[in-house]
Amino acid sequence: MQQNFDAIIIGAGAAGLFCAARAGQRGRRVALIDHAETIGEKIRISGGGRCNFTNIGTSPANFLSQNPHFCRSALARFTPQDFVRLVTKHRISYHEKTLGQLFCDESSQQIIDMLLDECAKGRVTLMHPVTVQQIHHGDGFVVDTSRGTMNAAKLVIATGGLSIPATGATAFGYEVAKQFGVPVTPLRAGLVPLALDAPAMERYGMLSGVAFDTVARCDDSEAEFREAALMTHRGLSGPAVLQISNYWQPGGDVLFDLLPGIDGVTWLNELRARRPVPTSFAKALAEHVPQRLSDSWAAAHAPVKPLAEWTRTELNHVATLLKAWPLKPSGTLGYKKAEVTLGGVDTRALSQQTMEAKAVAGLHFIGEVMDVTGWLGGYNFQWAWASGAACGDAL
């Protein structure tokens, strides 16, 4: 027996749930289907279990895409303040951490429950686990599933990317795009820890667990992030590293400023002007970075003599390295450890107003499956809400 709807949404993550709720509450008959046993798994594990559900400083500058202006319209029409009003309406208490990041005071399950409640208000038909077997396009869309055949004039793909496969992530959305001739830009892991090669690990591997304040940047990008970096048993992690991983290209260096906000030459000259002059450069550097990192860094890069005996050339060289310590990653830790997928359905083939494919009437893409990737810190959730709202309001 064929089931008829106004819209079928495949993928019950953040974007799919929100889109379904918006469309359902506008009177649309919506089927929301997902292959997972548990709905909203990525929401549940996000933010250490408290869901960093938005960032109050969200702007188009916080997103990467081959079509960078695409996200402007949706972000302007559904803002972080709009989502906060919904959170407040559901009496979910929250707090702001650094850099505009908003988290639930209690549990990310509250956000999932809120979205399910909003879907219920819109009389959304939620079905899971459901396997999609085939999609046909003629007079609307026909979706053959493990729970029968569904028909709708509108089909929304909200299946996410390849990151965190343990949550059920698959390439389904990209395959649907290709089936209908919608281009997909190159994919790679984003917001992901970086691996270091064997020589670097031999030198710095003993620093696993050491965190330090830094400004991280790449040698071929203007992007830079001042946050914590973390040395691990496999390489580099921490917020600063995850952020800069979106900009790093294989073969390039990541540069770490070990003296954020401090001029390196000035600081070294001030050390030399102290009385008595510090005999240990490593001990002096430990005023700004953890002692273990200071000892290892000094042994690798500082002249093996008292600071007072350094030549001007040596001082300038150390100052340069302190402000731009280069480490060359051998790669990323891949989708298993990535928080997002860079690249995706090419937004140049979509309407920025409705998220609809320009060449396939009624076919929409929202959320992470698209080539729109936010920084760490709630931006990707805000894109899920904004793109979901734009699509849901247009269905």
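- Between F83 and F53, the two ring planes are tilted [angle within 30° to 60°].
- Partners of K154 under the salt bridge (charged side-chain N to carboxylate O under 4.0 Å, His left out) rule, at least two apart in sequence or in another chain, do not exist in this structure.
- Salt-bridge annotation for E175 and K178: absent, with no side-chain N of the basic residue lying under 4.0 Å from a carboxylate O of the acidic one.
- Under the 4.5 Å side-chain heavy-atom criterion for grouping Ile, Leu, Val, Met, Phe, Trp and Tyr, F70 is connected to L187 within one hydrophobic cluster.
- Relative ring orientation between Y247 and F225 is described as tilted, the plane-to-plane angle lying within the 30° to 60° band.
- Between the side chains of Q352 and T347, no donor-acceptor pair is found at a separation under 3.5 Å.
- Partner of F18 under the ring pair (Phe, Tyr, Trp, His ring centres under 6.0 Å) criterion, chosen from W383, W385, F381: W385.
- For R123, there are no salt bridge (charged side-chain N to carboxylate O under 4.0 Å, His left out) partners two or more places apart in sequence or in a different chain.
- A centroid separation of less than 6.0 Å is found between the aromatic rings of W310 and F281.
- For H95, the NE2 atom counts as densely surrounded, since its 6.0 Å shell holds more than 12 non-hydrogen atoms of other residues, nucleotides or ligands.
- By the neighbour-count criterion of 12 heavy atoms within 6.0 Å, atom NZ of K283 is sparsely surrounded, having that number or fewer from other residues, nucleotides or ligands.
- Looking at K42 and S163, their side chains do bring a donor and an acceptor atom within 3.5 Å of each other.
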